[in-house]
Amino acid sequence: MAKDLSTREENYSQWYTDIVTKADLAENSAVRGCMVIKPYGYAIWERMQAELDKMFKDTGHQNAYFPLFIPKSFFSKEASHVEGFAKECAVVTHYRLKNDENGKGIVVDEAAKLEEELIVRPTSETIIWDTYRGWIQSYRDLPLLINQWANVVRWEMRTRLFLRTAEFLWQEGHTAHATREEAVAEAEQMLRVYAEFAESWMAIPVLKGVKSANERFAGAVETYCIEAMMQDGKALQAGTSHFLGQNFAKAFDVQFLSKENKLEHVWATSWGVSTRLMGALVMTHSDDNGLVLPPKLAPIQVVIVPIYRNEEQYRAICDKGLEIKKQLEKLGLRVKLDDRDTQKPGFKFNEWEFKGVPVRLAIGPRDLENGTVEVARRDTLEKEVLHIQDIDQKISHLLDQIQQNLFQKALDFRTANTFKVDSWEEFKIQIEKGGFIEAHWDGTAETEQFIKDETKATIRLIPFDGEAEAGKCVFSGKPSARRVVFARSY
RNA sequence: CGGGGCAUAGCGCAGCCCGGCUAGCGCACCUGCUUUGGGAGCAGGGGGUCGCAGGUUCGAAUCCUGCUGCCCCGACCA
């Protein structure tokens with residue numbers, strides 16, 4: 001049915017690219033590694049932003065904006081942070097162009113060299129902490145709870161639309177607290193916010209946990225994360241939240257006077273999700289017929305397609321369609337009446353299916369006579385005929401059902417592809433098949449590295465809700481107190 | 001930065017080995033008529049410095065040399 005689309009079976013990564021480009025979410029740009037997010041894709045991102053922003057504000061955060069450029073010297077102040085990002089920074093060295101003396105276009109004016117080079121932010125900890133020094137004097141200034149929506153640049157070798165691009169959009173929260181406990185609680189709280197968003201809005205089930213030292217954010221004391229399973233069995237980190245300890249406060253000399261009149265360094269967190277979530281959304285729900293969107297994030301939740309033979313029918317059916325649209329919009333639904341006279345119904349059916357619209361209503365002459373409408377749901381591709389007077393209640397209910405069904409399907413898939421493994425032989429076999437592996441680990445970086453080198457699998461997280469269970473490390477045989485989750489990842 | 005491949009209409013490709021008339025096909029696009037309950041049919045039409053620069057030749061998309069760009073595979077990563 002869906003022509004021009006690879007199937008997941010044939011070529012999973014081609015299938016992903018096909019959906020992103022053909023559903024009009026994004027395309028590659030003239031700039032290597034950078035994408036153009038197209039209106040339909042951006043509309044989904046805006047819906048994500050709107051809900052996340054509300055969740056951040058509900059938890060007491062305020063938005064602000066910090067510069068795109070960071071003085072190079074700021075980067076060197078936190079040792080492990082520099083080390084983590086140095087290899088992928090874009091650097092601004094000059095501030096002026098001029099006409100080439102030989103008449104060959106525009107060249108960099110070497111006379112306009114910056115005294116101090118500027119880094120295009122790969123993340124904003126350094127510029128933000130340099131700023132916070134001026135904002136924080138006393139415990140009365142704490143906690144400081146700030147978020148920013150921004151673009152960042154990480155010069156990646158290999159890029160893929162949404163999943164890894166040289167420039168991407170994200171939000172980064174940066175908070176300052178008087179105590180260690182409060183900062184840890186903040187990092188944990190924001191991870192719960194992310195998990196809630198992923199599960200309730202994106203219909204993506206996620207595991208919550210802590211990263212191993214190898215996978216920790218550069219400059220963090222502890223990194224928390226949510227991990228989702230894609231349909232090819234690989235893991236995708238969907239959000240991270242970091243407890244930064246006093247690392248940045250010390251590097252940037254951010255101190256406050258406590259109630260006891262003692263000068264102390266503040267405690268910090270940072271947390272972020274990016275346009276990568278768009279990739280997660282595509283890879284979690286979509287099928288071989290195209291994109292599948294959860295109703296809560298779909299820019300169009302219901303599309304109405306009129307079917308007609310002549311001008312007279314066209315007008316009568318579009319009138320009815322408009323009536324239904326208004327009726328549904330009163331319930332707060334996002335509805336589109338596709339009254340284009342330039343495409344045939346069959347074309348429209350396929351197009352909206354490909355674009356993942358959760359519910360399609362078709363109205364033709366027969367329906368007009370019978371007072372009915374054909375309802376098709378994107379997730380199961382099932383169709384039924386309803387009486388027009390029933391659609392008010394039924395459509396809202398159907399959208400809820402679709403939202404739940406998508407979550408349940410994704411959860412069932414993850415459950416079916418999660419395995420407890422207790423021997424190294426079994427581990428090597430299972431990892432080839434994909435999915436999450438729950439195995440014991442001796443807690444050493446050496447073992448983790450060895451497993452990665454041998455199998456390309458990494459520890460995705462040490463689950464929060466993992467039950468204590470004594471066992472032996474799947475690789476070294478040394479004692480272990482709990483299982484951790486291994487997988488190959490994006 | 002190492003290994004491989006590609007560059008011909010908006011997109012996808014054929015032609016190149018073995019040089020030769022006006023460079024072709026599918027999709028898309030434009031016009032008209034018939035159509036419209038799962039990607040319409042027919043007819044007509046528009047669109048190309050064959051990546052760039054040299055060379056060989058009577059003649060180059062095709063052969064030779066150099067350059068540039070892009071893609072794929074590896075090391076890095078949300």
Side-chain angles (χ1 to χ4, degrees), chain A residues 1-5 11 13-14 17-18 21-22 27-33 83-89 121-123 151-160 162-172 194 211 214-218 220 223 225-228 235-242 270-280 289-290 305-314 317-318 338-355 360-370 372-376 381 383 385 452-453 456 458 460 489-490:
Chain A
M1 192 191 296
K3 68 177 179 190
D4 309 331
L5 174 62
N11 187 340
S13 67
Q14 188 60 47
T17 306
D18 283 352
T21 55
K22 294 186 179 143
E27 65 186 32
N28 277 308
S29 71
V31 186
R32 198 195 70 92
E83 202 186 315
F85 287 106
K87 282 168 288 184
E88 49 188 23
C89 286
R121 64 182 164 215
T123 179
N151 59 339
V152 288
V153 168
R154 296 181 188 175
W155 213 261
E156 299 290 349
M157 291 288 125
R158 295 194 55 208
T159 59
R160 296 189 62 193
F162 289 120
L163 296 175
R164 178 165 299 106
T165 47
E167 179 191 18
F168 56 94
L169 306 183
W170 78 346
Q171 57 69 216
E172 45 181 327
Y194 287 154
K211 284 291 187 195
N214 283 6
E215 301 284 322
R216 197 177 287 153
F217 174 73
T223 288
C225 65
I226 53 173
E227 293 278 333
L236 185 128
Q237 181 175 304
T240 52
S241 164
H242 315 289
S270 69
W271 28 274
V273 297
S274 73
T275 36
R276 186 179 230 206
L277 288 178
M278 294 284 294
N289 296 316
V305 177
I307 295 156
Y308 52 90
R309 290 181 183 280
N310 53 47
E311 185 67 24
E312 192 191 336
Q313 282 184 354
Y314 174 74
I317 290 167
C318 281
D338 186 355
D339 58 0
R340 288 176 297 175
D341 194 22
T342 49
Q343 319 288 348
K344 290 183 60 182
F347 180 92
K348 294 177 183 177
F349 286 2
N350 281 288
E351 182 176 16
W352 295 118
E353 191 164 292
F354 203 89
K355 288 191 158 192
R360 182 189 72 229
L361 304 182
I363 316 171
R366 284 207 299 271
D367 297 304
L368 211 53
E369 253 179 58
N370 304 336
T372 55
V373 56
E374 183 194 78
V375 180
L381 299 171
K383 291 192 256 194
V385 174
K452 185 178 178 182
D453 293 343
K456 293 179 183 157
T458 49
R460 298 322 302 159
S489 71
Y490 277 97

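In the text below, chain A, chain B and the rest are named by the order of the sequence lines, each starting its count at 1.
Applying the ring-ring contact (aromatic ring centres under 6.0 Å, His included) rule to Trp271(A) yields the partners Phe56(A), His61(A); only residues at least two apart in sequence or on another chain are considered. Not counting sequence neighbours, the partners of Arg340(A) by the salt bridge (charged side-chain N to carboxylate O under 4.0 Å, His left out) test are Asp338(A), Glu351(A). Scored by the ring-ring contact (aromatic ring centres under 6.0 Å, His included) test, Phe347(A) finds no partners at all (sequence neighbours excluded). Looking at residues two or more places apart in sequence or on another chain, you find a ring-ring contact (aromatic ring centres under 6.0 Å, His included) between Trp170(A) and Phe168(A). Taking the ring-ring contact (aromatic ring centres under 6.0 Å, His included) definition, one finds that Phe162(A) meets it with nothing, sequence neighbours left out. Every residue two or more places apart in sequence or in another chain that forms a salt bridge (charged side-chain N to carboxylate O under 4.0 Å, His left out) with Arg216(A) is listed here: Glu222(A). Glu167(A) meets the salt bridge (charged side-chain N to carboxylate O under 4.0 Å, His left out) test with no other residue; sequence neighbours excluded.
Using a 4.0 Å heavy-atom distance criterion, Glu374(A) is classed as a base contact. Note on Lys456(A): nothing from the nucleic acid sits closer than 4.0 angstrom, heavy atoms only. Residue-level contact check: Thr372(A) touches neither bases nor backbone, having no heavy atom under 4.0 Å from any strand. Residue contacts shown for Leu236(A) are absent, as no nucleic acid heavy atom lies under 4.0 Å away. Using a 4.0 Å heavy-atom criterion, one finds that Tyr490(A) contacts no nucleic acid atom at all. Residue contacts for Ser274(A): at a heavy-atom cut-off of 4.0 Å it reaches a base atom on one of the strands shown.
Considering Asn11(A), Thr17(A), Asp18(A) as possible partners of Gln14(A), the one that fulfils the side chain to side chain donor-acceptor pair (under 3.5 Å) test is Asp18(A).
For the P atoms, the distance from G2(B) to G15(B) is 32 Å, rounded to whole Å. Taking atom C1' in both C64(B) and C17(B), one finds a spacing of 15 Å when rounded to whole Å. Between the C1' atoms of U57(B) and G46(B), the separation comes to 35 Å (whole Å). G55(B) and A60(B): their C1' atoms are spaced 11 Å apart (whole Å). Nucleotides U22(B) and G4(B) have their P atoms positioned 40 Å apart, rounded to a whole Å. Across the C1' atoms, G48(B) and C25(B) are found 14 Å apart, a figure rounded to whole Å. On the C1' atoms, C50(B) is 11 Å away from A9(B), given to the nearest whole Å. Nucleotides C52(B) and G69(B) place their C1' atoms 10 Å apart, quoted to the nearest Å.
Regarding Glu156(A), its CD atom lies at a distance of 13 Å from the C1' atom of A75(B), rounded to whole Å. Remark: C1' of A75(B) and CH2 of Trp155(A) are 19 Å apart, rounded to the nearest angstrom. In this structure, CG of Asn310(A) is placed 16 Å from P of C33(B), rounded to the nearest angstrom. Following rounding to the nearest Å, Arg360(A) (CZ) and G37(B) (P) show an atom-to-atom distance of 12 Å. Regarding Asp18(A), its CG atom lies at a distance of 13 Å from the C1' atom of C11(B), rounded to whole Å. When the P atom of C76(B) is taken as reference, atom CZ of Arg154(A) falls 16 Å away, rounded to whole Å. C72(B) atom P lies 9 Å from atom CD of Gln14(A), rounded to whole Å. Atom-to-atom, CD of Glu172(A) to C1' of A78(B) comes out at 12 Å; the value is rounded to the nearest Å.
Of the candidates C1(B), G39(B), A78(B), the closest approach to any side-chain atom of Met157(A) belongs to C1(B). Of the candidates C71(B), A78(B), U36(B), the closest approach to any side-chain atom of Arg32(A) belongs to C71(B).
Remark on RNA chain B: of its neighbouring residues Glu351(A) and Glu215(A), the 5'-side contact belongs to Glu351(A), judged by nearest-heavy-atom nucleotide. Between Lys452(A) and Pro365(A), the residue anchored nearer the 5' end of RNA chain B, judged by the nucleotide with its closest heavy atom, is Pro365(A).
Classification of the His242(A)-Phe217(A) ring pair by plane angle, with boundaries at 30° and 60°, yields parallel.
Between Arg366(A) and G37(B) there is no side-chain polar atom (N or O) within less than 4.0 angstrom of OP1 or OP2.
Between the side chain of Lys383(A) and the base of G38(B), at least one donor-acceptor pair of N or O atoms lies under 3.5 Å. Between the side chain of Gln343(A) and the base of G39(B), no donor-acceptor pair under 3.5 Å is found.
To the nearest 0.5 angstrom, Leu277(A) atom CG is 11.5 Å from Leu169(A) atom CG. Here the CZ atom belonging to Arg32(A) is positioned 6.5 Å from the CH2 atom belonging to Trp155(A), to the nearest 0.5 angstrom.
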Show your working on side-chain hydrogen bond (donor to acceptor under 3.5 Å, both in side chains) between Arg460(A) and Thr458(A) and close with a plain yes or no.
CA-CA 6 Å; Arg460(A) 298 322 302 159; Thr458(A) 49; 2.6 Å; yes
Please list, pair by pair, any protein nitrogen or oxygen found under 3.5 Å from a nitrogen or oxygen in nucleotides 40-44 of chain B.
{"from": "A40(B)", "atom 1": "O4'", "to": "Lys344(A)", "atom 2": "NZ", "distance (Å)": "3.4"}

Kindly express the pairing pattern of RNA chain B in dot-bracket notation, using | wherever a base pairs with another strand and counting only Watson-Crick or G-U pairs under 3.5 Å.
(((((((..((((......[...)))).((((((.....)))))).....(((((..]....))))))))))))....
